[in-house]
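To start, the structure under review is shown below, and the notes come after it.
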Amino acid sequence: MAGGQGRRKKRQPVLIFVFLFGFLLAAFASWQLLSGWREDANARREYAALRESIDLMQPGTDRLDMSGFIEQNSDFVGWIMMGGTSIDYPVVQAADNAAYLRTTFLGQANPAGSIFMDYRAVRGFDSPLTILYGHNMRDGSMFAPLHQFADVDFAEDYHAITIITAAGEILMYRVFDVRAAEAQDAVYALDPMDSSAVTAFFGDAPEETGRFLVLSTCADASNRDGRLLIFAVYVRSA
């Protein structure tokens with residue numbers, strides 16, 4: 001009898017430790033979840049406020065005045081919009097592709113980051129190849145809606161991309177291909193200024209304008225090296 005009580009007494013500290021460890025683990029997970037929600041909300045508010053400025057602009061002239069965005073961030077290179085999706089964001093470009101991975105347009109540290117242009121491309125979207133990067137956010141923001149293009153019917157209905165450059169020029173692109181890729185895909189290794197290499201890579205594109213746009217985002221969380229690529233070709237200026 002005494003032996004049984006002794007074993008129970010020995011087990012009590014272990015059980016208490018397991019309970020406390022589980023409690024702390026659950027508390028940490030809850031804190032991370034709440035922190036993530038807060039960060040998502042902060043990013044959504046920032047970009048919603050910026051979007052209000054774009055919504056006030058009424059195309060009807062050859063160029064729009066984008067100076068307000070340049071004043072807020074000198075890295076501003078344009079604005080991207082895609083019909084049928086919530087993609088409606090400013091685009092930035094830095095000296096490398098790491099600067100805006102976790103930094104918003106207004107310079108706030110946030111996992112949502114920004115939509116950013118490959119640092120090797122020409123700011124005016126005049127390069128033979130322009131790659132834009134954006135996160136596949138869990139709340140459906142940033143470039144997460146690109147996954148809608150996996151639906152063939154959706155891709156056929158919503159294939160237009162509008163870019164407003166920092167100079168205020170409105171550029172129209174048309175999506176012509178969607179594909180899954182890896183982080184080491186050959187498109188990332190292309191020299192954006194090498195027109196012959198870019199043309200050879202894309203082959204027989206729908207239009208022979210010589211200017212291509214690639215939108216890149218991550219695959220789902222189960223494939224950390226996976227990417228989704230949207231290929232589009234420049235069609236005309238509005």
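In what follows, residues are counted from 1 in the order of the sequence shown. None of the values given here were measured: they were computed from a predicted structure.
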Given the side-chain rings of Phe212 and Tyr234, with only the six-membered ring counted for Trp, is the space between their centroids under 6.0 Å? no
Closest non-hydrogen atom pair between Ala94 and Tyr100, with its separation: CB-CE1, 3.8 Å
Look only at the side chain of Thr199 and the backbone of Ser195, and say whether a donor-acceptor pair between them is shorter than 3.5 Å. yes
Using side-chain heavy atoms (C-beta onward) and a distance below 4.5 Å, is Leu50 in contact with Tyr47? yes
Taking all non-hydrogen atoms of both residues, which atom of His135 and which atom of Met142 are closest, and how far apart? O-CB, 3.3 Å
Heavy-atom side-chain contact between Val198 and Ser196 under 4.5 Å: no
Is any NZ, NE, NH1 or NH2 atom of the basic residue among Arg211 and Asp126 found under 4.0 Å from an Asp or Glu carboxylate oxygen of the other? yes
Name of the residue among Ile161, Leu228, Ile87 meeting side-chain contact (heavy atoms from CB on, under 4.5 Å) with Leu215: Ile161
Residue pair Tyr158 / Met82, side-chain heavy-atom distance below 4.5 Å: no
Kindly confirm or rule out a cation-pi arrangement of Arg51 over Tyr89, judged by NZ or CZ under 6.0 Å from the six-membered ring centre and within 45° of its axis? yes
Got a donor-acceptor contact below 3.5 angstrom from the Glu46 side chain to the Phe105 backbone? yes
Does a donor on one side chain sit under 3.5 Å from an acceptor on the other, for Asn110 and Asn42? no
For residues Phe202 and Phe231, establish whether the separation of their ring centroids is below 6.0 Å. yes
Test log, rule side chain to side chain contact (heavy atoms under 4.5 Å, CB included), inputs Phe125 and Met117: CA-CA 9 Å; Phe125 289 82; Met117 178 188 289; 3.5 Å; yes
Taking side chain as C-beta onward, heavy atoms only, is Tyr173 less than 4.5 Å from Val233? no
CG (Leu64) and CH2 (Trp79) are apart, to the nearest 0.5 Å, by 12.0 Å
Sort out for me which residue in Val77, Leu101, Ile131, Val91 forms a side-chain contact (heavy atoms from CB on, under 4.5 Å) with Phe116. Leu101
Return the NE2 to CD1 distance between His147 and Ile230, rounded to the nearest 0.5 Å. 8.5 Å
Would a distance-only check, ignoring hydrogens and angles, find a side-chain to backbone donor-acceptor pair under 3.5 Å from Asp225 to Ala183? no
Rounded to the nearest 0.5 Å, what separation is found between the CD1 atom of Ile163 and the CE atom of Met81? 8.5 Å
Under 3.5 Å, is there a donor on one side chain and an acceptor on the other for Asp88 and Ser86? no
Pair Arg227 + Asp185: basic N to acidic O under 4.0 Å: no
For the OG atom of Ser237 and the CE atom of Met172, what is their distance to the nearest 0.5 Å? 10.0 Å
Between Met193 and Ser127 the two heavy atoms that sit nearest each other are SD-OG, 3.4 Å
Which distance, rounded to the nearest 0.5 Å, do you find between the CE of Met66 and the CD of Gln72? 10.5 Å
Same cluster (ILVMFWY, side-chain, under 4.5 Å), Val92 and Ile70: yes
Say whether Leu129 and Val122 are linked into one hydrophobic cluster, either directly or through other cluster members, by side-chain heavy-atom distances under 4.5 angstrom. no
Is it possible for you to say whether Leu213 and Tyr119 belong to one hydrophobic cluster, with membership spreading through side-chain heavy-atom contacts below 4.5 Å? no
Any non-hydrogen side-chain atom of Thr130 less than 4.5 Å from a side-chain atom of Val214? no
Side-chain heavy-atom pair Phe143, Tyr133 within 4.5 angstrom cut-off: no
Can you tell me how far apart CG (Asp118) and CG (Asn97) are? Round to the nearest 0.5 Å. 4.5 Å
Can you check salt bridge (Lys or Arg N to Asp or Glu O under 4.0 Å) on Arg123 and Asp75, steps first, answer last? CA-CA 9 Å; Arg123 285 193 162 208; Asp75 288 337; 3.5 Å; yes
Quick check: do Phe149 and Thr85 have side-chain heavy atoms less than 4.5 Å from each other? yes
Could you give me the CA-CA distance, side-chain angles and deciding distance for Thr162 and Ile170, then say whether side chain to side chain contact (heavy atoms under 4.5 Å, CB included) is met? CA-CA 7 Å; Thr162 301; Ile170 303 173; 3.8 Å; yes
State whether a side-chain donor-acceptor pair under 3.5 Å links Ser216 with Tyr188. yes
Do you know the tightest heavy-atom contact between Thr103 and Ala99? OG1-O, 3.3 Å
Mind listing the closest non-hydrogen atom pair of Arg102 and Pro111 along with its distance? NH2-CG, 3.7 Å
